[in-house]
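All remarks here apply to the structure that follows.
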Amino acid sequence: FTSHIYHLNLRRFLLAAFALQNFTQLAAVGGNQVLFQRAGLKLHHDVVVIGGGNSAVEESIYLAGIVKSLTIVTMFDLTADPIACDKLRALDNVTVYPYQDILEFVGDSSLTGVHFKSTKTGEENTVNCDGVFEYIGLSPVTDFLKDLGVLNQYGYIEVNEKMETK
């Protein structure tokens, strides 16, 4: 295929696979709804955040103010700053599922939910959602993209204001 088609396919792949990184940057701008909609979500959507550290909790507090419902699924209890955890747990549209293993992302042609299992009881749950954001580590796992010329010196994917790669 031509480089133009390759670029479009790569862009779609990167946006799908790395929506979290791009959305984190959008969330940090302070609630710009136009940028939020560019990330593919609207104010009436249900979202899931995977992770329980400072980044997950801080972004979840922000997201909870602009989505219908927010569900946090984490392998342990929330490990973020206790004050931030208390603030998050006090929000009416937030549900926290601690001590869970993610089993699968549900959906045929698009994401419809997340299926997970309690590491304490073995109980399985599925939460319906329109989007998932993973906050589970500081190091990007992008080695497989190193030869494509889309990474910066720290291993993160560089995007423009339209969330497109070079």
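What you see is a predicted model, and the numbers here were worked out from it, not measured in a lab.
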Might you work through the side-chain contact (heavy atoms from CB on, under 4.5 Å) test for V49 and L63, ending with a clear yes or no?
-> CA-CA 9 Å; V49 170; L63 288 171; 4.0 Å; yes

Contact list for residues 70-90, test ring-ring contact (aromatic ring centres under 6.0 Å, His included), sequence neighbours left out | none

In Å and rounded to the nearest 0.5 Å, what is the OG1 to CD1 distance from T95 to I72?
-> 9.5 Å

Step-by-step side-chain contact (heavy atoms from CB on, under 4.5 Å) determination, C129 to T112 | CA-CA 5 Å; C129 66; T112 60; over 6 Å; no

Do M75 and V73 belong together in a cluster built from hydrophobic side chains that touch within less than 4.5 Å?
-> no

Any side-chain heavy-atom pair from L78 and V57 closer than 4.5 angstrom?
-> yes

Do V94 and I61 sit in the same hydrophobic cluster, where Ile, Leu, Val, Met, Phe, Trp and Tyr count as joined when their side-chain heavy atoms come under 4.5 Å apart?
-> yes

Same cluster for L103 and V96 if Ile/Leu/Val/Met/Phe/Trp/Tyr side chains link at under 4.5 Å?
-> no

With N160 via side chain to side chain contact (heavy atoms under 4.5 Å, CB included) - residues at least two apart = K162, E164

What is the distance from atom CD1 of I50 to atom OG1 of T74, rounded to the nearest 0.5 Å?
-> 9.5 Å

With a 3.5 Å cut-off and no angle check, do the side chains of N93 and S69 form a donor-acceptor pair?
-> no

Just jot down the side chain to side chain contact (heavy atoms under 4.5 Å, CB included) partners of N152, sequence neighbours excluded, or say none.
-> Y154, Y156, E158

Does any pair with a residue in residues 141-153 pass salt bridge (Lys or Arg N to Asp or Glu O under 4.0 Å), and if so which ones, sequence neighbours excluded?
-> none

Stepwise side-chain contact (heavy atoms from CB on, under 4.5 Å) check, F105 with V132 = CA-CA 9 Å; F105 294 103; V132 172; 3.7 Å; yes

Please output the side-chain donor-acceptor pairs of residues 113-128 that fall under 3.5 Å, not counting sequence neighbours, one pair per line with the distance.
residue: H115; atom: ND1; partner: N125; partner atom: O; Å: 3.4
residue: H115; atom: ND1; partner: T126; partner atom: OG1; Å: 2.6
residue: H115; atom: NE2; partner: E124; partner atom: OE1; Å: 2.7
residue: S118; atom: OG; partner: K120; partner atom: N; Å: 3.1
residue: S118; atom: OG; partner: T121; partner atom: N; Å: 3.0
residue: S118; atom: OG; partner: T121; partner atom: OG1; Å: 3.3
residue: T119; atom: OG1; partner: Y99; partner atom: O; Å: 3.2
residue: T121; atom: OG1; partner: E123; partner atom: N; Å: 3.2

Has the side chain of T71 got a donor or acceptor atom that lies under 3.5 Å from a matching backbone atom of V48?
-> no

Same cluster or not: are V106 and V47 linked, directly or through other Ile, Leu, Val, Met, Phe, Trp or Tyr residues, by side-chain heavy atoms under 4.5 angstrom apart?
-> no

Rounded to the nearest 0.5 Å, what separation is found between the OG atom of S60 and the CZ atom of F133?
-> 10.0 Å

Nearest-0.5 Å distance that lies between atom CD in E58 and atom CG in D81 | 7.5 Å

Partners passing side chain to side chain donor-acceptor pair (under 3.5 Å) against N54 (at least two apart in sequence or in another chain) | none

Can you name the closest pair of heavy atoms from G53 and T79 and give their distance?
-> CA-OG1, 3.6 Å

Quick one: OH on Y62 to CG on L70, what's the gap to the nearest 0.5 Å?
-> 12.5 Å

For residues 83-90, dump all side-chain donor-acceptor pairs below 3.5 Å to protein atoms at least two apart in sequence or in another chain.
residue: R89; atom: NH2; partner: D77; partner atom: OD1; Å: 2.8

